[in-house]
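Both counts, for ligands and for their atoms, begin at 1 and track the order of listing. Residue indices begin at 1 and follow the sequence shown.
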Amino acid sequence: MEIKNAYLAELYERVAKRNAGEKEFLQAVGEVLESLSPVADRRQDLIDAGVFDRIVEPERFVQFRVAWVDDSGKVQVNRGFRVQFNSAIGPYKGGLRLHPSVCASVIKFLGFEQVFKNSLTGLPMGGGKGGSDFDPKGKSDGEIMRFCQSFMTELCRHIGADTDVPAGDIGVGGREIGYLFGQYKRIRNEFVGVLTGKGLTYGGSLARTQATGYGLCYFAKCMLEGAGKSFDGKTVVISGSGNVAIYACQKAQSFGAKVVAMSDSNGYVYDADGIKLDVVQQIKEVERGRISEYAKRVPGAVYTEGCKGIWTIPCDIALPCATQNEIDGESAAILVKNGCFAVAEGANMPSTPEAVECFKAACVLFGPAKAANAGGVATSGLEMSQNSLRLSWTFEEVDERLHGIMKNIYANAVAAAAEYGCAGDLVAGANIAGFLKVAEAMKAQGVC
Ligand code: NDP
Ligand code: 2IT
């Protein structure tokens with residue numbers, strides 16, 4: 001990382017000192033400040049208004065105890081978080097993650113990224129994120145429900161339909177959102193759109209389940225077409241086998257691609273004939289099982305332990321859809337060596353800085369997470385609109401709006417990169433375009 005603007009380089013040093021040891025958060029801030037150097041060079045007014053200094057500090061960060069009783073009657077204690085990062089352009093908005101790796105650094109990196117991503121969607125949403133180090137794996141429905149109820153009993157005092165609207169992320173899908181919504185309604189005696197990703201019977205939006213994966217492929221399609229290429233006939237590798245991975249697979253297949261591999265945190269499956277998505281959905285969405293099952297059910301498919309090996313499979317297009325820093329410099333170099341010419345990030349920050357450098361050096365088409373996976377939160381924004389209107393749009397209507405939003409994000413990132421002297425660099429373009437709207441709003445609203 002090289003932050004060329006002296007003011008921003010010094011700011012990064014202060015952020016690093018103040019958030020010592022928060023590796024993921026500092027990684028995300030470093031990348032954004034690097035991209036914003038040409039903006040700081042031209043915009044002394046934003047420096048004078050303290051916009052850069054303020055945007056790297058969350059407006060609010062809450063941490064709380066989540067105590068619940070497991071099926072054996074034992075009291076369990078987890079740690080809950082919500083970061084309300086920036087509300088300049090709308091109520092805080094962003095998902096909740098349940099995973100043992102969740103800590104302050106992870107929540108802050110996700111909340112920081114969300115500020116720029118939400119701005120890119122063009123919808124009025126600020127940035128927030130939350131979650132807990134609770135591990136949903138192996139827990140019964142009853143345990144999940146009791147955890148969610150306890151988590152919401154504390155969280156409910158910090159959120160609201162016009163204040164902060166959480167949604168899903170790793171480990172949080174329709175089931176968890178249902179339990180969280182029920183508890184919020186019970187405590188506040190209010191039926192409001194305080195969460196998105198809700199079930200269709202109580203205010204959810206059609207196409208929200210598919211939105212992140214579909215949006216990722218809409219974005220990747222724009223990026224490929226910009227280089228005179230397409231998904232048709234291409235070999236694709238997708239990491240993860242959760243919500244984002246499954247619907248990315250479905251859309252990539254509908255665009256004529258052959259998806260040959262998917263994974264989970266234990267290992268990956270390779271199916272030279274093309275992944276049978278109905279089998280993956282049965283295992284993951286219905287049975288909540290492991291991806292290794294796939295190889296037991298589909299003749300010819302091979303399962304390999306360990307998730308990093310998935311990047312050694314030759315492919316044209318890679319769609320990382322699992323978690324942060326899942327592609328390191330070494331994996332990126334192997335992807336490039338094997339002929340991969342496009343990467344679009346479904347997960348948040350799945351490529352390490354070394355991996356991004358490697359893709360850049362090899363002129364790989366690269367769609368950064370903030371832009372490429374913004375379809376999920378954009379459709380959450382559409383769910384909020386429908387809740388406010390007290391009506392629901394058809395699947396086709398939501399999908400069409402999502403498609404339009406992804407095309408706009410691509411066009412705005414391309415334009416911002418060109419305007420600030422880094423044509424073709426979608427990392428810089430997305431960071432700059434996302435930043436400028438928030439920055440103007442912060443400046444207009446005075447020092448706060
Ligand atoms: P899910 O919980 O549905 O699926 C997560 C998938 O990633 C699972 O296959 C999981 O495997 C795997 N995974 C999770 N953590 C790790 C890890 N540490 N190492 C290896 N594999 C891991 O989550 P989503 O599909 O919703 O989220 C995937 C990514 O997409 C995340 O980065 C999330 O932040 C991002 N995202 C999600 C959006 C959404 O709308 N849901 C929107 C935008 C981004 P296992 O089951 O073994 O844990
Ligand atoms: O990372 C993300 O954008 C999400 N997990 C979706 C957030 C949302 O509010 O829909």
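At least one heavy atom of Cys321 sits less than 4.0 Å from an atom of ligand 1. The closest approach between Ala167 and ligand 1 stays at or above 4.0 Å for every heavy atom of the residue. Under a 4.0 Å heavy-atom criterion, Lys137 is in contact with ligand 1. Using a 4.0 Å cutoff on heavy atoms, Arg97 counts as a contact of ligand 1. The closest approach between any non-hydrogen atom of Glu326 and ligand 1 is not below 4.0 Å.
Residue pairs satisfying the ring-ring contact (aromatic ring centres under 6.0 Å, His included) criterion with at least one member in residues 148-181, sequence neighbours excluded, are listed as follows: Phe64-Phe151, Phe147-Phe151, Phe181-Phe191, Phe181-Tyr202. Sorted by first and then second residue, the side-chain hydrogen bond (donor to acceptor under 3.5 Å, both in side chains) pairs with a member in residues 377-397 read Thr196-Ser380, Lys198-Glu383, Lys198-Asn387, Ser205-Gln386, Arg208-Ser380; sequence neighbours excluded.
Polar contact with ligand 1: absent for Asp264 (N/O pair, distance under 3.5 Å). Polar contact check, Lys129 against ligand 1: no nitrogen or oxygen pair lies under 3.5 Å apart. An N or O contact shorter than 3.5 Å links Asn243 to ligand 1 by distance. Residue Gly168 has no nitrogen or oxygen atom sitting less than 3.5 Å from a nitrogen or oxygen atom of ligand 1, judged on distance alone. Backbone and side-chain nitrogen or oxygen atoms of Gln324 are examined, and none is located within less than 3.5 angstrom of a nitrogen or oxygen of ligand 1. The shortest N or O to N or O distance between Arg290 and ligand 1 is under 3.5 Å. For Ala245, no nitrogen or oxygen atom sits less than 3.5 Å from a nitrogen or oxygen atom of ligand 1, counting backbone and side chain alike. Between Asn266 and ligand 1, no N or O atom pair is found at a separation short of 3.5 Å.
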Between ligand 2 and the protein, which N/O pairs are shorter than 3.5 Å?
from     : atom 1 : to     : atom 2 : distance (Å)
ligand 2 : 1 (O)  : Lys117 : NZ     : 3.0
ligand 2 : 1 (O)  : Lys129 : NZ     : 3.0
ligand 2 : 1 (O)  : Asn348 : ND2    : 3.0
ligand 2 : 3 (O)  : Gln114 : NE2    : 3.0
ligand 2 : 3 (O)  : Lys117 : NZ     : 2.8
ligand 2 : 5 (N)  : Lys129 : NZ     : 3.3
ligand 2 : 5 (N)  : Gly168 : O      : 3.0
ligand 2 : 5 (N)  : Asp169 : OD1    : 2.9
ligand 2 : 9 (O)  : Lys93  : NZ     : 2.7
ligand 2 : 10 (O) : Arg208 : NH2    : 2.9
ligand 2 : 10 (O) : Ser380 : OG     : 2.5

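Looking only at distances, a side-chain donor or acceptor of Ser241 sits under 3.5 Å from a matching main-chain atom of Ser263. In this structure, the side chain of Asp133 engages the main chain of Arg79 through a donor-acceptor pair within 3.5 Å.
A salt bridge links Glu293 with Lys296: the distance from a Lys NZ or Arg NE/NH1/NH2 to an Asp or Glu carboxylate oxygen falls below 4.0 Å.
Of the protein's non-hydrogen atoms, the one nearest atom 27 (O) of ligand 1 is Ile170 CG1, 3.7 Å.
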Name the atoms and distances for all side-chain donor-acceptor pairs under 3.5 Å in residues 427-441, with sequence neighbours left out.
from   : atom 1 : to     : atom 2 : distance (Å)
Asn431 : OD1    : Lys370 : NZ     : 2.8
Asn431 : ND2    : Glu31  : OE2    : 3.1
Asn431 : ND2    : Ser35  : OG     : 2.9
Asn431 : ND2    : Val427 : O      : 3.3
Glu440 : OE1    : Arg43  : NH2    : 3.3
Glu440 : OE2    : Arg43  : NH1    : 2.9
Glu440 : OE2    : Arg43  : NH2    : 3.2

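Around the CG atom of Asp162, the shell of radius 6.0 Å holds no more than 12 heavy atoms that belong to other residues, nucleotides or ligands.
Counting only N and O atoms by type, the side chains of Tyr218 and Lys251 include a donor and acceptor under 3.5 Å apart. For the residue pair Trp311 / Asp328, no side-chain donor-acceptor distance below 3.5 Å is found, with atom types taken as modelled.
Atoms of ligand 1 lying under 4.0 Å from at least one heavy atom of Ser241, given by number and element, are 9 (O). Taking every non-hydrogen atom of Gly240 and a distance limit under 4.0 Å, the qualifying atoms of ligand 1 come out as 9 (O). Near Thr212, the atoms of ligand 1 lying under 4.0 angstrom from a non-hydrogen atom of the residue are 38 (C), 39 (C), 40 (O), 42 (C), 43 (C). Residue Arg208 approaches ligand 1 through these ligand atoms, each under 4.0 Å from one of its heavy atoms: 40 (O). For ligand 1, the atoms lying closer than 4.0 Å to a non-hydrogen atom of Ser263 are 9 (O). Taking every non-hydrogen atom of Gly171 and a distance limit under 4.0 Å, the qualifying atoms of ligand 1 come out as 2 (O).
Nearest to atom 21 (N) of ligand 1 by heavy-atom distance, out of Ser265, Gly375, Ala374, is Ser265.
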